[in-house]
Amino acid sequence: MFTTRLISGAVLVALTLLLGILGGPVLAIVNGVIAVIGMFELYRAFGIENERTALIGYLGAAVLYIFLIAGRRDLVLMAVILTFLCMMALYVFRFPKIETAEVLEAFFGFFYAGVLLSYLCQTRMAPDGKYTLWLIYLSAWGCDTSAYCVGKLFGKHHMTPELSPHKTIEGAVGGICGAALFCLIYGLLVRDQLIAFEHPVFSCVLVGAVGALISMIGDLAASAVKRKAGIKDYGHLIPGHGGIMDRFDSIAFTAPVIYWLVVLLQA
């Protein structure tokens, strides 16, 4: 199990590096595929993957990523609003055959996987995006790795025992510090390329710490959804890791926060 997880993790990191370097339409297309698969996993957890509301969610995500492939970040909000309006229109014209909960779940899945994950692509398209994109992965995955190691060695006080009994306060602190350290090292290496920042190294550390905190919330939120749905994993697409939303749950939360934090730090 450990070997499988290690190999698939190494392949995932290699693909992430390749796509991040390439950027452009290639990253947008793959980002869109990942988002739609994530939506399907969420819809399946809710039991609505074959419903008309889910179809609107898929179509909304397709429109959103077509805009990103074309380089039109300014049209993303329009895609989000149109998707919401279409779902509400279906709700109205199919009332009362469609339950309110189904519409809420459909939009939740679209927003959670479709919209939030799009900030990977949007960050890459922004100023200094070739370098700031990696802060998302360093924050989320760096925190995950550091929290696991520190928690195993020093963890005593459980953080959310009913939701995730293995996560500890010590591990959480270690995760934030570890992610900040990774981003500090990264900032020192690429500070000359981060031309849009007045204080590039400090900005990287700040982004790493905030991103790590948000990533833990994302991880726990995904666990809460799975607990309510009565499932262990969202899927089995990534050997040893589960589904897309099992591996990108923290990324989905971290990406938009880091995008906007970077925007503010560059202002």
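Computed from a prediction, not measured in an experiment: that's the story for all the values here.
P256 and A252 make their closest contact through CD-O, 3.1 Å (heavy atoms, listed as atom of the first residue, atom of the second, distance). Minimum heavy-atom separation, A54 to A106: N-CB, 4.4 Å. Here the shortest heavy-atom pairing between I258 and S139 reads CD1-OG, 3.5 Å. Nearest heavy atoms, G71 versus M125: CA-CE, 3.5 Å. Across every non-hydrogen atom of A140 and S250, the tightest pair is CB-OG, 3.7 Å. I69 and A28 get closest at one heavy-atom pair: CG1-CB, 3.6 Å.
S164 places no side-chain N or O within donor-acceptor distance of the main-chain N or O of T160, the cut-off being under 3.5 Å. Distance alone, capped at 3.5 Å, is enough to place a donor-acceptor pair between the D128 side chain and the A196 backbone. In this structure a side-chain-to-backbone donor-acceptor pair under 3.5 Å is missing from R52 to M87. Under a 3.5 Å cut-off, the side chain of Q266 and the backbone N or O of P127 do form a donor-acceptor pair. Without hydrogens or angle criteria, N31 side chain to C121 main chain gives a donor-acceptor distance under 3.5 Å. A donor-acceptor pair under 3.5 Å links the side-chain atoms of E41 to the main chain of I244, judged by distance alone.
Relative orientation of the Y112 and F253 rings is perpendicular, given thresholds of 30° and 60° on the angle between their planes. Ring geometry, F95 versus Y91: the interplanar angle exceeds 60°, so the pair is classed perpendicular (tilted spans 30 to 60°).
The neighbour count for Y148 OH, taken as heavy atoms of other residues, nucleotides or ligands under 6.0 Å away, does not exceed 12. Heavy-atom contacts from other residues, nucleotides or ligands closer than 6.0 Å to CD1 of I195 number 12 or fewer. Within a 6.0 Å radius of CD in Q193, other residues, nucleotides and ligands contribute more than 12 heavy atoms. Annotation: R73, atom CZ; neighbour count of heavy atoms from other residues, nucleotides and ligands within 6.0 Å is above 12. Heavy-atom contacts from other residues, nucleotides or ligands closer than 6.0 Å to CZ of R191 number 12 or fewer.
Side-chain atoms of M159 and L220, non-hydrogen and from C-beta on, do get closer than 4.5 Å to each other. C204 has its side chain within reach of L135: a pair of non-hydrogen atoms, C-beta onward, lies under 4.5 Å apart. With a 4.5 Å cut-off on side-chain heavy atoms, C183 and V205 do not count as touching.
In this structure, F40 has its ring center no closer than 6.0 Å to that of Y58. F110 and F107 have their aromatic ring centers within a separation under 6.0 angstrom.
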(request) Assess whether side chain to side chain contact (heavy atoms under 4.5 Å, CB included) is satisfied between F197 and F202, documenting all intermediate values. (result) CA-CA 9 Å; F197 293 93; F202 170 77; over 6 Å; no
(request) Go through T254 and Y259 one step at a time and tell me if the side chain to side chain contact (heavy atoms under 4.5 Å, CB included) criterion holds. (result) CA-CA 8 Å; T254 307; Y259 172 87; over 6 Å; no
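The existence of a salt bridge linking D144 and R247 is confirmed by a sub-4.0 Å separation between a basic side-chain nitrogen and an acidic carboxylate oxygen.
Rounded to the nearest 0.5 Å, atoms CD1 (I81) and SG (C86) are 12.0 Å apart.
Under a hydrophobic clustering in which Ile, Leu, Val, Met, Phe, Trp and Tyr are joined whenever their side-chain heavy atoms come within less than 4.5 Å, directly or via other members, M39 and L82 fall into different clusters.
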